[in-house]
There are 2 protein chains.
Amino acid sequence: MKTQLKKGVLEMCVLALLEQHDSYAYEIVSTLADSVEMSEGTIYPLMRRLQNDGLVSTYLVESDAGPPRKYYRLEAKGLETLQAMKSEWSGFLAEVNKIVGANKS
Amino acid sequence: MKTQLKKGVLEMCVLALLEQHDSYAYEIVSTLADSVEMSEGTIYPLMRRLQNDGLVSTYLVESDAGPPRKYYRLEAKGLETLQAMKSEWSGFLAEVNKIVGANKS
DNA sequence: ACAGGTACTTTGCTATGCAAGGTACCTTCT
DNA sequence: AGAAGGTACCTTGCATAGCAAAGTACCTGT
């Protein structure tokens, strides 16, 4: 899958997942990897960014298998950002599809 | 408009325009700028890439206003690439929309 | 003890878009 | 003639974000 297409979109996907329930990086990658193909090298810097921007907060939870998990929770600012991203995304989609004439429902 | 979203997509848009009719860089920017917002600093390196990859060929045409225009014509390989890109794009779309649940018709 | 799964993290690389600057030609207005 | 503004080309340097690869550490099963 083309790397470039994902630029900027993965962030939105991660936020969307966190909107449903708190999660930790490793789980997020496992989930998204099925559909969008992403790797660990991508997620950790991304999560750091989200945290630095105050979109998510974290808390540690002991795991019975492996090291403790760093859970991420979507914060209010993160939800706002997610919604802004969604509307930007669907606007962008519309424009691009107008140009390339891709009208797959 | 978010820069990152365009990564990889602009190339497809340019090829899609060239599928309709030959064009030159300045005109392409003018056209696309309305919907996707792009600048000259983006198009010239991009066109160079397309040419180097053998997706387009060029020919010069004198202009009655300004320097000669470098027209680009979509080649067979470019058309193939465009079609591959389109299918990759709509596949990617589907996956992302499944995740973010953006069902705007 | 070793293999393998879980989970975290960092380093260096790559691709692409963009702002800013530059060149040059033509027309129009002063 | 000179200045301004549109057309059209091009390059340099920067910022961003994804990824492969490597490393650490913990736990379970063989």
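Lettering follows sequence order; numbering is per chain, from 1.
Counting any heavy atom pair closer than 4.0 Å across all strands shown, Lys7(B) reaches a base atom. Note on Glu37(A): only backbone sugar-phosphate atoms sit closer than 4.0 angstrom, heavy atoms only; bases stay farther off.
For Glu40(A) against dC8(C), a side-chain N or O and a base N or O form a donor-acceptor pair under 3.5 Å.
Using a 4.0 Å cut-off, some side-chain N or O of Ser63(A) falls inside it from OP1 or OP2 of dA7(C). Distances shown here put a side-chain N or O of Lys70(B) below 4.0 Å from the OP1 or OP2 atom of dC10(D). Listed pair Tyr24(A) / dA7(C) meets the phosphate criterion, a side-chain N or O lying under 4.0 Å from OP1 or OP2. Between Arg69(B) and the phosphate of dT7(D), there is no side-chain N or O to OP1/OP2 separation shorter than 4.0 Å. Contact annotation: Tyr44(A) reaches the phosphate of dC8(C) (side-chain N/O to OP1 or OP2, under 4.0 Å). Considering only side-chain N and O atoms, Thr3(A) lies nowhere under 4.0 angstrom from the phosphate OP1 or OP2 of dA15(C). Look at Tyr26(A) and you won't find any side-chain N or O under 4.0 angstrom from OP1 or OP2 of dC8(C). Contact check, Lys6(B) against dC18(C): a side-chain N or O comes under 4.0 Å of OP1 or OP2. Distances shown here put a side-chain N or O of Arg48(A) below 4.0 Å from the OP1 or OP2 atom of dT10(C).
Considering only side-chain atoms of Pro67(A), the nucleotide from dA8(D), dT16(D), dA25(D) that sits closest is dA25(D). Here the side chain of Leu10(A) is nearest to one of dG18(D), dA19(C), dT10(C), namely dG18(D).
Between the CG atom of Leu60(A) and the P atom of dC26(D) there is a distance of 14 Å, rounded to whole Å. Atom CG of Asp64(A) is separated from atom C1' of dG29(D) by 15 Å (rounded to the nearest Å). The CE-P distance, from Met47(A) to dT10(C), rounds to 14 Å in whole Å. Between Gln4(A) atom CD and dA17(D) atom C1' there is a gap of 9 Å when expressed in whole angstrom units. We find that CG of Leu46(A) is positioned 15 Å from P of dA20(D), with the value rounded to whole Å. Met12(A) has its CE atom 20 Å from the P atom of dT16(D), to the nearest Å. The CG-C1' distance, from Asn52(A) to dA17(D), rounds to 15 Å in whole Å. Distance CG (Leu5(A)) to C1' (dG17(C)): 14 Å, rounded to an integer number of Å.
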Give the table of side-chain donor-acceptor pairs shorter than 3.5 Å for residues 2-22 of chain A, with sequence neighbours excluded, one pair per line with atom names and distance.
residue: Lys6(A); atom: NZ; partner: Glu37(A); partner atom: O; Å: 2.7
residue: Glu11(A); atom: OE1; partner: Arg49(A); partner atom: NH1; Å: 2.7
residue: Asp22(A); atom: OD2; partner: Tyr59(A); partner atom: OH; Å: 2.5

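In this structure a side-chain-to-backbone donor-acceptor pair under 3.5 Å is missing from Lys77(B) to Val56(B). Between the side chain of Ser30(A) and the backbone N or O of Tyr26(A) there is at least one donor-acceptor pair closer than 3.5 Å.
Considering only heavy atoms from C-beta on, Ile99(A) comes within 4.5 Å of Ser35(B) through its side chain.
Follow the hydrophobic side-chain contacts under 4.5 Å out from Tyr71(A) and you never reach Leu60(A); the two are in separate clusters.
Residues Glu75(B) and Arg73(B) are paired through a salt bridge, judged by an N-O separation under 4.0 Å between the basic side chain and the carboxylate.
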